[in-house]
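Here the structure comes first, spelled out in structure tokens, and everything after it is commentary.
Everything numeric here is computed off the predicted structure, so don't read it as measured data.
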Amino acid sequence: QKEVEQNSGPLSVPEGAIASLNCTYSDRGSQSFFWYRQYSGKSPELIMFIYSNGDKEDGRFTAQLNKASQYVSLLIRDSQPSDSATYLCAVNMANDYKLSFGAGTTVTVRA
Amino acid sequence: DGGITQSPKYLFRKEGQNVTLSCEQNLNHDAMYWYRQDPGQGLRLIYYSQIVNDFQKGDIAEGYSVSREKKESFPLTVTSAQKNPTAFYLCASRQSLNQPQHFGDGTRLSIL
């Protein structure tokens, strides 16, 4: 079992719709969770992080964490063509300086 | 501006040659990381360092070497033992455990 798994893409959504990305992780002791956006040919950029169960909102982005079920999700509301990118989920396992990354989900927003 | 600087942006390696990728950060971060990304693939950890003069192997360390003589710098050497070095190399740093990692702009390495 992979440490971090993301729903396989690509995910195609119409402009203005909600894009929903899911991520599950294997280590129940994981403490911090991150979402990165990576445009083609560019390096990843941090868009959200969450440490506690529940929802965290930042503009059009909402991260949701459920530690009991070991999943973290990212919602992108009012999707724009500029949101077309690969989204990487990263999980910090307990007391580990390494981050475990998922393989990424590619999102395409159709105009 | 604070940030992570990787150089060069593009690098070409000849057969049997060692090449060194530079990574410098002025964020005063303790931990630094090197990842490799192949086309259409996720990130794979090569090496990481939590403090100066200490580093650990990641998942794909064979054919690579690093040093951490200064807090700001974490250079990666791709040795001739790495037979398939063509990839996008990303350096990252983070302030402390559980904080986000921040990435440099990356170096693209190709074989001549």
Side-chain angles (χ1 to χ4, degrees), chain A residues 2-10 21 23-25 27 29-52 56 58 61 63 65 67 72 74 85-108, chain B residues 2-7 9-10 21 23 25 27 29-52 54-61 68 74 87-110:
Chain A
K2 293 183 180 178
E3 292 179 330
V4 178
E5 298 204 49
Q6 296 185 237
N7 49 329
S8 58
L21 292 81
C23 174
T24 59
Y25 57 95
D27 184 356
S30 297
Q31 298 173 327
S32 48
F33 308 84
F34 309 93
W35 283 99
Y36 290 84
R37 177 176 62 198
Q38 186 175 25
Y39 291 115
S40 181
K42 303 295 186 182
S43 63
E45 56 179 324
L46 179 72
I47 53 172
M48 292 284 292
F49 60 90
I50 187 166
Y51 300 136
S52 303
K56 180 181 179 182
D58 184 359
F61 298 98
L65 175 61
K67 288 187 177 180
V72 57
L74 180 70
T86 296
Y87 290 81
L88 302 171
C89 171
V91 176
N92 203 139
M93 306 298 177
N95 300 316
D96 192 340
Y97 261 87
K98 296 183 294 183
L99 278 187
S100 294
F101 283 85
T105 300
T106 298
V107 174
T108 300
Chain B
I4 303 168
T5 301
Q6 290 188 241
S7 62
K9 191 171 182 178
Y10 299 95
L21 285 62
C23 179
Q25 54 99 0
L27 300 168
H29 286 175
D30 288 324
M32 297 187 74
Y33 305 79
W34 275 105
Y35 294 91
R36 169 179 172 144
Q37 188 174 38
D38 292 283
Q41 304 298 311
L43 303 179
R44 292 189 289 170
L45 182 64
I46 304 172
Y47 269 99
Y48 67 105
S49 168
Q50 296 173 213
I51 56 172
V52 174
D54 187 43
F55 49 83
Q56 286 79 40
K57 292 182 179 180
D59 301 318
I60 56 164
R68 186 87 186 276
F74 191 40
F88 188 38
Y89 290 86
L90 290 159
C91 178
S93 70
R94 71 194 307 195
Q95 185 174 30
S96 60
L97 191 63
N98 290 321
Q99 293 297 308
Q101 283 186 5
H102 298 273
F103 288 85
D105 289 340
T107 293
R108 292 198 179 279
L109 175 62
S110 302

For residues [X] and [Y], report the shortest heavy-atom separation together with the two atoms involved.
{"X": "Pro44(A)", "Y": "Leu43(B)", "result": "CG-CD1, 4.3 Å"}
{"X": "Tyr48(B)", "Y": "Asp96(A)", "result": "OH-OD1, 4.5 Å"}
{"X": "Pro100(B)", "Y": "Tyr36(A)", "result": "C-OH, 4.0 Å"}
{"X": "Tyr33(B)", "Y": "Lys98(A)", "result": "CE2-CA, 4.3 Å"}

- Between chain B and each of Ser43(A), Gly41(A), Gly104(A), count heavy-atom pairs under 4.5 Å; write down the option with the most.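 Ranked by heavy-atom pairs under 4.5 Å with chain B, first place is Ser43(A).
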- Task: Return the option, out of Phe101(A), Tyr97(A), Phe34(A), with the maximum number of heavy-atom pairs under 4.5 Å with chain B.
- Result: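 Looking at each option in turn, the highest pair count goes to Tyr97(A).
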- Would you say Asn7(A) has more than 12 foreign heavy atoms packed within less than 6.0 Å of its CG?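 Atom CG in Asn7(A) is crowded, with more than 12 foreign heavy atoms closer than 6.0 Å.
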Atom group of [X] that falls short of 4.5 Å from chain B, counting heavy atoms:
{"X": "Tyr51(A)", "value": "side chain"}
{"X": "Glu45(A)", "value": "neither"}
{"X": "Leu99(A)", "value": "both"}

In terms of heavy-atom proximity below 4.5 Å to chain A, should [X] be classed as side chain, backbone, both, or neither?
{"X": "Arg44(B)", "answer": "neither"}
{"X": "Leu90(B)", "answer": "side chain"}
{"X": "Gln6(B)", "answer": "neither"}

- To the nearest 0.5 Å, what is the distance between CG (Leu45(B)) and OG (Ser100(A))?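 Here the rounded value is 9.0 Å.
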- Supply the atom-to-atom distance Gln38(A) CD to Phe88(B) CZ, rounded to the nearest 0.5 angstrom.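 The CZ atom of Phe88(B) is 7.0 Å from CD of Gln38(A), to the nearest 0.5 Å.
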- Query: Among Arg94(B), His102(B), Gln99(B), which residue forms the greatest number of heavy-atom pairs with chain A at distances under 4.5 Å?
  - Reply: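 Winner by heavy-atom pair count: Arg94(B).
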- Query: Which of the residues Gln56(B), Gln37(B), Gln41(B), Gln50(B) is involved in the greatest number of heavy-atom pairs with chain A at under 4.5 angstrom?
  - Reply: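 The option with the most such pairs is Gln50(B).
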